[in-house]
Each structure stands twice: as C-alpha cells, then as structure tokens.
Amino acid sequence: MPEGHSIRHLATVHSYGFLGTTVQASSPQGRFAEGAALINNRTMTDVTCKGKHLFFHFDDDIVHIHLGLYGWFTTRKNKGQVPKDAVRLRISNEEYVSDLAGPTACEIFDGQQYAAKLASLGPDPLRDDANPEIAWQKINKSKKTVGQLLMDQSVIAGIGNVYRAELLFLSNQSPFIPGKELPKDKFDSLWRDSVRLLKIGAEDGKIKTVADGHLTDDEVKLHGCSQYSYVYKRTGNPCRVCGDTVQADDMGGRTLYWCPSCQS
DNA sequence: TGAGTATGTTCAG
DNA sequence: TGAACCTACTCAT
C-alpha cells in the first residue's frame with residue numbers, strides 16, 4: 001500500500017533488521033542480478049526515504065526502490081524460506097530476510113543520482129527538515145487544480161490518491177479550484193493534517209484518517225481490523241459528517257473522491 | 001476461472 | 001492522453 005507513510009514504515013523496518021549488518025543479496029527473478037551482485041556481502045550503512053522513494057545505502061552504492069502500484073516487501077525472521085520466482089530482490093542476514101516483488105524501480109544509484117532524485121521531490125511531511133513554504137510557493141503560482149497539485153510529487157512528496165481524498169475532505173476544501181486561488185490558511189491546514197496523518201500511518205503502515213466518532217456502530221466493533229476513510233472509495237455512500245452522497249470523478253487519470261456539500 | 005480494479009510513474013505520440 | 005509496466009485481490013460467472 002505504497003503512499004509515503006508505508007515507505008517510511010518500510011525504512012524503519014529495514015533499519016531495524018539490516019542496518020549495520022552484512023547482508024546477502026540476490027535476485028531470484030533475475031532482473032536485478034547485477035545490482036544484487038554489487039551489494040552482496042556488504043554492510044548496509046544507511047536506510048533513507050523521501051516521499052515514496054526508499055534507499056538502501058552500501059557506502060557509495062545506493063539501491064533506489066520505488067514500489068509503484070504493485071510493489072511490496074515481505075520481511076520475516078530468516079528461517080531459510082525459499083523465495084517466490086517473482087522476487088526481484090532478496091536481502092537477508094542471519095536474523096531476517098526481506099523479499100521485494102513487483103517494484104516500478106529497483107536500481108543502483110551513485111551519490112549524484114541520489115542527490116538529483118531528492119532534489120526533484122517536494123517537501124516530505126514526514127521529514128523533520130521539510131519546508132512547507134516550498135510547496136506553498138508552487139501551489140500559489142499554479143493554474144492546476146488543488147487535487148492535481150497534491151498528487152504531484154515535486155510539490156509535496158508522499159501523498160497519493162487515498163491521502164489526497166482524505167486531506168481535502170478534512171480541510172473542507174474543493175479539489176477543483178486552481179492552486180493560485182487556494183487561501184493560505186487552507187494550505188496550512190492541509191499541511192498540518194498531512195504531517196499528522198502520515199505520521200499516524202507510518203507507525204504501523206496503515207492509513208487511518210477517520211476519527212472514532214465518525215465510524216458507524218458496526219465499524220466500531222471491527223475497529224483495528226479494517227481501514228476506513230471519509231470519502232476514499234465510498235462513492236454513493238452517505239458522507240460521515242453531513243450525510244450527502246460521496247461523489248467520484250476522474251482527475252488526471254486517477255479517481256478523485258469528494259463530498260459535494262462538505263467540500264463546496 | 002476470468003474480468004475488473006488498484007494506494008504510481010514514465011514514456012511515446 | 002493513453003499505454004505499458006507488474007502483481008494481488010475482489011467479485012461475478
């Protein structure tokens with residue numbers, strides 16, 4: 001479930017399991033055989049991430065991973081499990097094994113490529129050094145809609161379709177107005193919520209945006225077992241706050257969910 | 001069992 | 001703007 005929160009979660013998990021240890025690397029699927037050979041039997045010196053991009057550092061050789069739509073990691077105690085054929089990269093040490101399958105990107109970067117990738121991304125709400133003013137300057141000058149801008153990784157890094165829908169709902173903000181017409185206090189509210197919600201999501205890797213008071217009785221009974229949203233994928237259902245019908249529209253090839261009353 | 005859908009990005013036209 | 005990449009899951013048949 002790769003939005004920024006899950007990448008941060010994965011960085012934490014891999015730091016815990018592999019940082020400072022010598023790792024064995026292989027590519028059962030074969031498409032990352034050269035890269036795996038390059039980092040095999042070397043010490044993982046750092047794990048970093050920004051937005052939806054994850055980096056495993058082996059001194060000056062850096063594995064850049066982007067999960068895309070389908071990619072995922074399976075990380076477990078190392079009991080000698082046989083990897084599936086689809087595993088692009090397996091890293092392991094004596095204690096843990098982690099299998100990566102289906103990523104959009106799994107490649108070796110040098111320091112220059114790493115710096116360029118970081119520079120291409122907007123501020124990441126999960127990073128302490130994030131400067132929201134950079135995002136505001138871009139939004140404030142843009143004719144693109146707020147809904148499009150929130151998904152643009154060069155504006156804010158780490159927000160995807162779920163968080164876009166939920167953040168705009170929480171700020172009672174229409175997705176359809178141009179960025180340059182977005183009031184500053186609305187942007188501040190969006191940024192505050194993105195920091196708050198992404199941090200909650202990063203703690204256990206799940207997206208949690210709905211306050212307990214807005215869940216139905218049935219959902220409260222199941223609380224913790226499922227993921228809930230205010231508007232994401234709730235087309236045709238009543239809004240949890242006002243009761244109006246949640247709508248869906250196509251925006252830039254992605255489905256946008258919104259409440260026409262709360263976000264007018 | 002097969003169609004449809006999906007939390008993303010890049011590239012060709 | 002649409003297709004391609006790549007895999008898991010849900011739902012209808």
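The basis for the numbers below is simple: all heavy atoms, side chains too, and nothing from hydrogens, waters or symmetry mates. We name chains A, B, ... by the order of the sequence lines, and we start the count at 1 in each one.
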Donor-acceptor pair, side chain of A/Arg127 and main chain of A/Pro123, under 3.5 angstrom: no

Under 4.0 angstrom between A/Arg164 side-chain N/O and B/dT7 OP1 or OP2: no

Separation of atom CG in A/Asp99 from atom P in C/dA8, rounded to whole Å: 12 Å

A/Lys84 side chain, from C-beta outward: closest of B/dT7, C/dA8, B/dG8: C/dA8

Between P of B/dG8 and CG of A/Leu150, the distance in whole Å: 12 Å

Interatomic distance at P, B/dT5 relative to C/dT13, whole Å: 14 Å

In one Ile/Leu/Val/Met/Phe/Trp/Tyr side-chain cluster, 4.5 Å: A/Leu121, A/Ile62: no

Rounded interatomic separation in angstrom, taking NE2 from A/His64 and P from B/dG8: 15 Å

Salt-bridge contact A/Lys77-A/Glu95 (side-chain N to carboxylate O under 4.0 Å): yes

Below 4.0 Å: OP1/OP2 of B/dT7 and any side-chain N or O of A/Lys52: no

Side-chain donor/acceptor of A/Gln153 to backbone N/O of A/Met151, under 3.5 Å: yes

Nearest-angstrom distance from the residue atom NZ of A/Lys117 to C1' of B/dG8: 12 Å

B/dG8 OP1/OP2 closer than 4.0 Å to side-chain N/O of A/Tyr163: no

Gap in Å between the two P atoms, one belonging to C/dC5 and one to B/dG13, rounded: 14 Å

Proximity to the side chain of A/Ala86 - top-ranked nucleotide from C/dT7, B/dT9, B/dT7: C/dT7

Distance test, side-chain N/O of A/Tyr232 to OP1/OP2 of B/dT7, below 4.0 Å: yes

Which nucleotide in B/dT7, B/dT10, B/dT9 has an atom nearest any side-chain atom of A/Glu3: B/dT7

Value in whole Å for how far the P atom of C/dC5 lies from CZ of A/Arg88: 13 Å

Candidate nucleotides B/dG8, C/dT7, B/dT7, ranked by approach to the side chain of A/Trp72 - the nearest: C/dT7

Length of the line joining A/Lys233:NZ and B/dT7:P, which is rounded to integer Å: 7 Å

Side-chain H-bond candidate by donor/acceptor type, A/Gln24 with A/Asn41, under 3.5 Å: yes

Distance, rounded to the nearest Å, where A/Asn161 contributes CG and B/dA6 contributes P: 9 Å

Nearest-Å distance for atom pair CG/C1', residues A/Asp152 and B/dT10: 14 Å

Phosphate contact (C/dT7 OP1 or OP2) by A/Gln29 side-chain N/O below 4.0 Å: yes

